[in-house]
Protein chains: 2
Amino acid sequence: MADPDRAPHAGGESLLFLTDEQLRQGIEAMFFAYRGFTADPDRILATLDYGRAHHRALHFCACAPGTTVSNLISILGVTKQSLNRVLRTLVADGLIESRVGHADKRERNLFLTEAGQELEQRLSDAQRARMRAAYRQVGPEAVSGFRKVLEAMMDPEQRRQYHALRDGRA
Amino acid sequence: MADPDRAPHAGGESLLFLTDEQLRQGIEAMFFAYRGFTADPDRILATLDYGRAHHRALHFCACAPGTTVSNLISILGVTKQSLNRVLRTLVADGLIESRVGHADKRERNLFLTEAGQELEQRLSDAQRARMRAAYRQVGPEAVSGFRKVLEAMMDPEQRRQYHALRDGRA
DNA sequence: CACTTTAGGGCAGCCTTGTTGACATTCCAA
DNA sequence: TTGGAATGTCAACAAGGCTGCCCTAAAGTG
């Protein structure tokens, strides 16, 4: 109860905005917003008998073509067995191509096929549309703050990967 | 390709910040940040053989004591069968008390027991700690933007519930 | 006052997608 | 060249979504 953030003498917003209630609101906002964030792609995926796991695999294959299973595992934070099941169906359905590694034959390099690119684009478009609408609505100032908070919330390892992906495309 | 957001004449950030690449970064930030957002409570839950679903139930029971199963269902966006399984274990473990409704005996009013409050507090504390650290790091300006974007990303129904919860506590 | 309809809630069973365990292949280093 | 480490695959299991079916209580209707 001696939390300085709740100290009565903290008159300015700079301290007051960290009350438990404010933090709780942020937590709930994150919860509800994430539902919205995934809602549009989820609807498309459902019609194709795919799930969010497939979307994630397609997304990161799209933005890092030729990536390996290992790399995808560390980005997605799942076990290789879990990823493998998803990849297997995507390869079987002709959305992803898995080529045996050139230098290291243990590795598999993953690429989207034309059909894979097409679906990934459809999913991305749906998700971006909502993002774009939100960004437009609140303005660049708010978007900058949004990005800052998200980055500050990541684990260091996740932040590292986030930057690596960005830089890889730049 | 005639996307106005990518128009080369858009010199100011006010238009440029909506490129596909910027939106893609936002999407990935959301993905990585959500992992961080749930990481701390997840660790606690794992030691108790609970999952995120239990955390959610505890959270919304805590902030709306006496709420009904129906209400929880609409907040969480899951089916009653799905919620029921989670509630059953929480009631069996003595973390939640389910009282038959007073006016309408079909309803069940849900309350946290003392043990339930204790666990909810532990989970909340862990999650808030990360949120607090992030908020502190980026400052109130950024936090305000963060909240604005999240709210803009919600579906109207989710936004309505988000506000209802806030107002219910105010 | 019965009698049907509607709503809240519970149980059983299925599916996706996480998990660990066991295994094959490939590479590399002793 | 051989044993260990790394990559990826297959099998089996668990959590938590889902639909379907059922019971009880309330509400509407003759």
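Chain naming here is simple, since letters A, B, ... match the order of the sequence lines and numbering starts at 1 in each. When reading the values below, keep in mind they use all heavy atoms of this one structure, side chains included, and skip hydrogens, waters and symmetry mates.
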Q.
So, under a plain 3.5 Å distance rule, would you say the side chain of B:Arg106 forms a donor-acceptor pair with the base of D:dA26?
A. no
Against the side chain of A:Ala53, the closest entry in C:dG10, C:dT17, D:dC18 is C:dT17
Taken to the nearest whole Å, CZ/B:Arg56 to P/D:dG17 is 5 Å
| query | Contact class for A:Lys80 (heavy atom, under 4.0 Å): base, sugar-phosphate, or nothing? | reply | base
Taken to the nearest whole Å, CG/B:Asp49 to C1'/D:dC13 is 14 Å
Inset, instruction - For D:dC18, take OP1 and OP2 only and decide whether either is under 4.0 Å from a side-chain N or O of B:Thr79. - result: yes
- Does NZ or CZ of B:Arg56 come closer than 6.0 Å to the centre of the six-membered ring of A:Phe31, within 45° of the ring's axis? no
note: B:Leu83, atom CG; D:dC18, atom P; distance rounded to Å ~ 10 Å
- Task: Please determine if a side-chain N or O atom of B:Asn84 lies less than 4.0 Å away from the OP1 or OP2 oxygen of C:dG9.
- Result: no
ask   = Taking the six-membered ring of B:Tyr162, is NZ or CZ of B:Arg166 closer than 6.0 Å to its centre and within 45° of its axis?
value = yes
Notebook entry, point to check: Do B:Gln81 side-chain and D:dG20 base share a donor-acceptor contact under 3.5 Å?
Noted result: yes
Taken to the nearest whole Å, CG/A:Leu87 to C1'/C:dT16 is 15 Å
From OH of B:Tyr50 across to C1' of D:dG16 the rounded distance in Å is 15 Å
(Q) Parallel, tilted or perpendicular: which one describes the rings of B:Tyr135 and B:Phe146, with boundaries at 30° and 60°? (A) perpendicular
* Indicate, with a heavy-atom threshold strictly under 4.0 Å, whether A:Ala57 touches base, sugar-phosphate, or nothing. => nothing
When rounded to whole Å, the CG to P distance for the pair A:Leu58 and C:dT17 reads 12 Å
5'-most contact on DNA chain C (nearest-nucleotide basis), A:Val86 vs B:Asn71, goes to B:Asn71
Handout entry: N/O (side chain, B:Ser70) to phosphate O (OP1/OP2, C:dA7) under 4.0 Å
Key = no
| field | Parallel, tilted or perpendicular: ring planes of A:Tyr34 versus A:Phe37, cut at 30 and 60 degrees | value | tilted
| query | Can you tell me if the side-chain N/O atoms of A:His54 get under 4.0 Å from OP1 or OP2 in C:dT17? | reply | yes
A:Glu107 CD to C:dC27 P, in whole Å, measures 10 Å
Of all heavy-atom pairs linking B:Arg132 and A:Leu18, the shortest is NH1-O, 3.4 Å
When rounded to whole Å, the CZ to C1' distance for the pair A:Arg52 and C:dC15 reads 15 Å
Between the base of C:dG18 and the side chain of A:Arg85, is there a donor and acceptor pair under 3.5 angstrom? yes
Residue pair A:Ala103/B:Val69 against DNA chain C: nearer the 5' end by closest nucleotide is B:Val69
